[in-house]
Amino acid sequence: MKGSRMLLLLVCLSVIALGVIATGPPTCPADHGGECSDSGEWKGEFFPGIPKIKYEGPSSKNPLAFKWYNAEEEILGKKMKDWMRFSIAFWHTFRGTGGDPFGAPTKYWPWEDGTNSVAMAKRRMRANFEFLEKIGVDRWCFHDKDIAPDGETLEETNKNLDEVVALAKELQGTKIRPLWGTAQLFNHPRYMHGGATSSELGVYAYSAAQVKKAMEVTHFLGGENYVFWGGREGYQSLLNTDMERELNHLARFLEASVAYKKKIGFNGTLLIEPKPQEPTKHQYDWDAATTANFLRKNGLIGEFKLNIECNHATLSGHSCHHELETARINGLLGNIDANTGDPQIGWDTDQFMTDIAEATLVMLSVIRNGGLAPGGFNFDAKLRRESTDVEDIFLAHISGMDTLARGLRSAAKLIEDGSLAELVRKRYQSFDTEIGAQIEAGKGDFETLEKLAMKWGNPRFHLLSSSTGLGLDKLTKALCQEVKHEASKRTPSTATHLDD
Ligand code: XLS
Ligand code: NI
Ligand code: NI
């Protein structure tokens, strides 16, 4: 008797509870892995328990706080947020699975339902904007294929994209904008031989249609730049490749994109992102110098700038600083894909930058460039395979933002101190003479120089370094002191999440 009454009571209570759930607001708490309905209209919290990330200064022990990035603080006459212009890369942060050629995905974000539906794309978009709001970043970057699923036909694919983009526009509000958009021309099998450099005319046309649409949606969302990364624009073997013809196609493709940009009134900067190899063994936009030469040869130099990615820089055998300086002195530094590689791994590992010395050199170039606007720093960086907690997404970005902020602080000190600039000035002082000026003005003929060489005798090279105080060792020491000073203030977020 007693037992059956208890049972009845339990049944009643469950019915009431179910009724409350059924009539209450739609719920999909972020810890109910995959149980939610596929409604894209869900408006719950994706990152419950994670507050808006604030600046707490170097002594803070709170991993969910900035130690060095203080958005409103002025450094060299500009707010930190205006130097940095950070952006989140949708493809890594919201489409990265942790999968690699040896293993299945490791990340199962609670809001994912395992489908590639439009509804799922919309829900993911909401997660993106909650993340941007909480991390305090006003920009995001995307490929067309990251944000919306393909349809059966190009028309259907474009329709899907429009639907997701309409929601993104609404969620952006007045504050958030894309730093850049781009078309993904490398994943689908049709792009196995490249897009604009494919040997198939149909693929060239399809690439054009995809870039046209991606440019339209970037413009619609108020994007400030548009990126071309030559995903498979390169070759695997020169024996089956007409390189001259492919490069010609690429140039014509870029010309057509400039024409279309102007036609639709898109004022954003067009950016080319160099990378030497991966996925092809030779990518045509090998590095900054190669790309600058290609643009110049094809009369496109005034229409494009470069998006320098640090990991790509090291893959091409350069440092990120070298690539940034090459772009800068050619008037081409437009944007930075802020990541870093691993010296012991030979591919694009897309790690968040945590090396303060590298960040200092990066920021030196940015300061010399007067900033990056309308470009910025896009975190083309992903969590490590082993980082599977939702919180890791925040920790990784905080660590990347703090590292670059520390780089900015160190670089500003080097500039304010002035000794580095003075050291460089002194190094070239022999050219600060009448004959030096003549040479630099293109009037240094060989006969005159020969006479001078005879008059001056053998250059006293062994005295040059010590007399001007420009030994490389002194320079290295000066830089190390600055960086060491910063490193001594290591933060918990950077220290404990180096792999992010
Ligand atoms: C790949 C590239 C890519 C571009 C955007 O290595 O970095 O992510 O930034 O297509
Ligand atoms: Ni990139
Ligand atoms: Ni890359």
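First listed ligand is number 1; within each ligand, the first listed atom is number 1. Just so it is clear, the model here is predicted, and its values are computed rather than measured.
- Considering all non-hydrogen atoms of both residues, Gln277 and Leu315 come closest at OE1-O, 3.5 Å.
- Side-chain contact between Glu323 and Asp287 is present, with heavy atoms from C-beta onward closer than 4.5 Å.
- Nearest protein heavy-atom contact of atom 8 (O) of ligand 1 is Asp380 OD2, 3.0 Å.
- Neither the backbone nor the side chain of Glu278 has any atom closer than 4.0 Å to an atom of ligand 1 (non-hydrogen atoms only).
- A distance of 6.0 Å or more separates the ring centres of His92 and Phe379.
- Around the Ni ion (ligand 2), protein N, O or S atoms at a distance under 2.8 Å total 4; waters are neither shown nor counted.
- Heavy-atom contacts of Asp337 reach the following atoms of ligand 1: 9 (O) (cutoff under 4.0 Å).
- Using cut-offs of 30° and 60° on the angle between ring planes, the pair Phe131 and Phe47 is tilted.
- With hydrogens left out, the protein atom closest to atom 2 (C) of ligand 1 is Glu273 OE2, 3.3 Å, a heavy atom.
- Figure legend: Lys169 and Phe220 shown as a cation-pi pair, the cationic atom lying under 6.0 angstrom from the six-membered ring centre and within 45 degrees of its axis.
- Salt bridge status for Glu72 with Lys79: present, with a side-chain N to carboxylate O gap under 4.0 Å.
- In terms of protein heavy-atom proximity, atom 5 (C) of ligand 1 is closest to His143 NE2, 3.2 Å.
- Atom OD2 is the N, O or S atom of Asp348 at the shortest distance from the Ni ion (ligand 3).
- The local environment of CD1 in Ile345 is crowded, with over 12 non-hydrogen atoms from other residues, nucleotides or ligands closer than 6.0 Å.
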